[in-house]
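Take a look at the structure below.
Proteins get letters first, then strands, A, B, ... in listed order; numbering begins at 1 in each.
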Amino acid sequence: MGRKKEPLVLRVPGQVGIYVCGVTVYDYCHIGHARVMVVFDVVVRYLRASGLHVTYVRNFTDIDDKIIQRASALDLPVQVLTEQFINAFHEDMQALGVARADVEPKATEHLAEMQGMIHTLLEKGLAYPGGGDIFYAVERFPAYGQLSGKNVADLQAGSRVEVDGHKNNPLDFVLWKRAKAGEPQWPSPWGAGRPGWHIECSAMGCKYLGDSFDIHGGGMDLLFPHHENEIAQTEGSTGRPWVRYWLHNGFVNVLNEGGEREKMSKSLGNFFTIRDLLSQYPGEVVRLFILSSHYRSPLDFSQELLEAAGHGMDRLYSALSGAKKRLQSLPDALEVLPEQALLGGWGDDVESFLAAMDDDFNTPQAIAALFEMAKKINRSAVSDAEATEADALGQGVGLLRHLAALLGLLGDDPDHYFHRQAAQDMPSAEIEQLIQKRDAARLARDFQAADAIRQQLLEAGIVLQDSKEGTTWRRG
RNA sequence: GGCCGGGUGGCGAAGUGGCCUAACGCGGAGGUCUGCAAAACCUUUAUUUCGUGGGUUCAAAUCCCACCCCGGCCUCCA
């Protein structure tokens, strides 16, 4: 609330309630959505790993103007449209490794709660009817503007918004909209209609997390007016402080062909859906890309940057791959961080990872620790210290995977990671067969034949790597 | 106009008073390994330098002031 970093002091020790504004389901999700979801997925994972009991609520807005517009444009019932995009959302999130929230409430299933809150606001004189709608009277809530640092007087002066004639004050916002013909509507004490956008988060947050809870998150753009309005509604109706900590992630910009930064938007045509990206890169690469800058900073997106993230991801998996070869198997992520891990050769890295995450989820710095560990793992392969160090290596890999898992990374098997999409133009069996042929040729020192096979595979997008343990391949 | 962020190497990105002669990644250069490669490893890639100009301090990328740029919000938006 102070718009600065503060130590996390929980309402109930050991327990955290967190609410994140989800998506409006009328279209496929883009990178901006991916960012919020990945960021808060990491927040939740980390809080849990820190021993806290977390209740995570992330809503779906399944009724609003844009949904109605889109549904009528496609000539689909609203519910069919929203269900379709809720499913698409879940598919995208799965690909990105974003876990389900504990509760994923839909606005249309919480009409009673919203109406209850509106009723209270009317009773308390914080809301008023006008032209069939119900509005919130902003000037009756003195703290309005506190979260976003806005001054109500300034806002009015600068306002160039076309004001609804029924509003007492241009800043007032709608709680309940009267029904229009042909639109979805619900009965209410104030006539049939549908809820305003902001009220759903207030009502559902209170329902699942209580009248007060710890963390509320969302994109930067929601800070004003959405979250400001949420506070006004909720605290106005309950009379109690609502959310202790607000977390807002920065926006995603797109670098255009001229290298200039611009906001990602549909009108500019610089729009990338998660699906677009997933057709080119594994979800994990998108994830690493997102987490390689701090969640509060703006994030510039471009194909080149995503590709660079892909190379970084390859590097991490290469380390696992090498360790797997030497150990004959890949150690799983350690379930618990052993005390002695902090004393061994990995202690500094573990500590710096955790310190980074403890400092407002500094994922770029945490990732740096991951790369340090990968380097150490690779280095031990080169120095070839043999079996005596197998335990240390195994522990290092286990620790690396444990820490990476807190970011939702390195959960895959390296072979699976490098062999992805392989079946498309050349089945794995065929690749293996060619490798065997090439090995035979190499053994016979017929390098011309061997290189021809390697070239053939390269043209199919397969890169070979020879080593003492044998030849492996990966997608180039 | 009001209010927020931000400007760090070829690129991305940490660092917000001394350990910064600036982490980490991508990219580049040279080398080791290899039949040759690839991957990996080693060395190297900001040395009056952290947008510009002032100031505070024993000490500033980090604090203060001014200025210049960039982005966002103020209307639906993650």
Touch check for Gly22(A), heavy atoms < 4.0 angstrom, all strands: base, sugar-phosphate only, or nothing?
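Answer is sugar-phosphate: Gly22(A) comes under 4.0 Å of backbone atoms only.
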Quick one: label Asp466(A) by what it contacts on the DNA or RNA (base, sugar-phosphate, nothing), any heavy atom closer than 4.0 Å.
base
Could I get the full list of ring-ring contact (aromatic ring centres under 6.0 Å, His included) partners for [X], not counting sequence neighbours?
X: His90(A); value: Phe60(A)
X: Tyr417(A); value: Tyr317(A)
X: Phe213(A); value: Trp242(A)

Check each of Arg70(A), Arg275(A), Lys66(A) against Asp27(A) using the salt bridge (Lys or Arg N to Asp or Glu O under 4.0 Å) test, and report the only one that passes.
Arg70(A)
Among [options], which is the nearest nucleotide to the side chain of [X]?
X: Asn253(A); options: A78(B), G71(B), A37(B); value: G71(B)
X: Ala368(A); options: G35(B), C24(B), G2(B); value: C24(B)
X: Leu305(A); options: C11(B), C42(B), C36(B); value: C11(B)

So does Thr24(A) get a side-chain nitrogen or oxygen closer than 4.0 Å to the phosphate oxygens (OP1/OP2) of A78(B)?
yes
Atom pairs, protein N/O to nucleotides 25-27 of chain B N/O, distance under 3.5 Å:
from	atom 1	to	atom 2	distance (Å)
C26(B)	O3'	His311(A)	ND1	3.2
G27(B)	OP1	His311(A)	ND1	3.0

Taking only nitrogen or oxygen atoms into account, show me every contact under 3.5 Å that the protein makes with nucleotides 13-16 of chain B, one pair per line with its distance.
from	atom 1	to	atom 2	distance (Å)
A14(B)	OP1	His294(A)	N	2.8
A14(B)	OP1	Ser297(A)	OG	3.4
A14(B)	O3'	Asn362(A)	ND2	3.0
A14(B)	O2'	Gln365(A)	NE2	2.7
G15(B)	OP1	Asn362(A)	ND2	2.7

With the threshold set at under 4.0 Å for non-hydrogen atoms, list the residues of residues 441-448 of chain A touching RNA chain B in residue-number order.
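By residue number: Arg442(A), Arg445(A), Phe447(A).
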For a 4.5 angstrom cut-off between non-hydrogen side-chain atoms, does Asp92(A) reach His33(A)?
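With C-beta onward as the side chain, the pair stays apart.
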When you look at Asp41(A) and Arg58(A), which way does the salt bridge (Lys or Arg N to Asp or Glu O under 4.0 Å) test go after all the steps?
CA-CA 11 Å; Asp41(A) 183 62; Arg58(A) 184 179 63 205; 6.0 Å; no
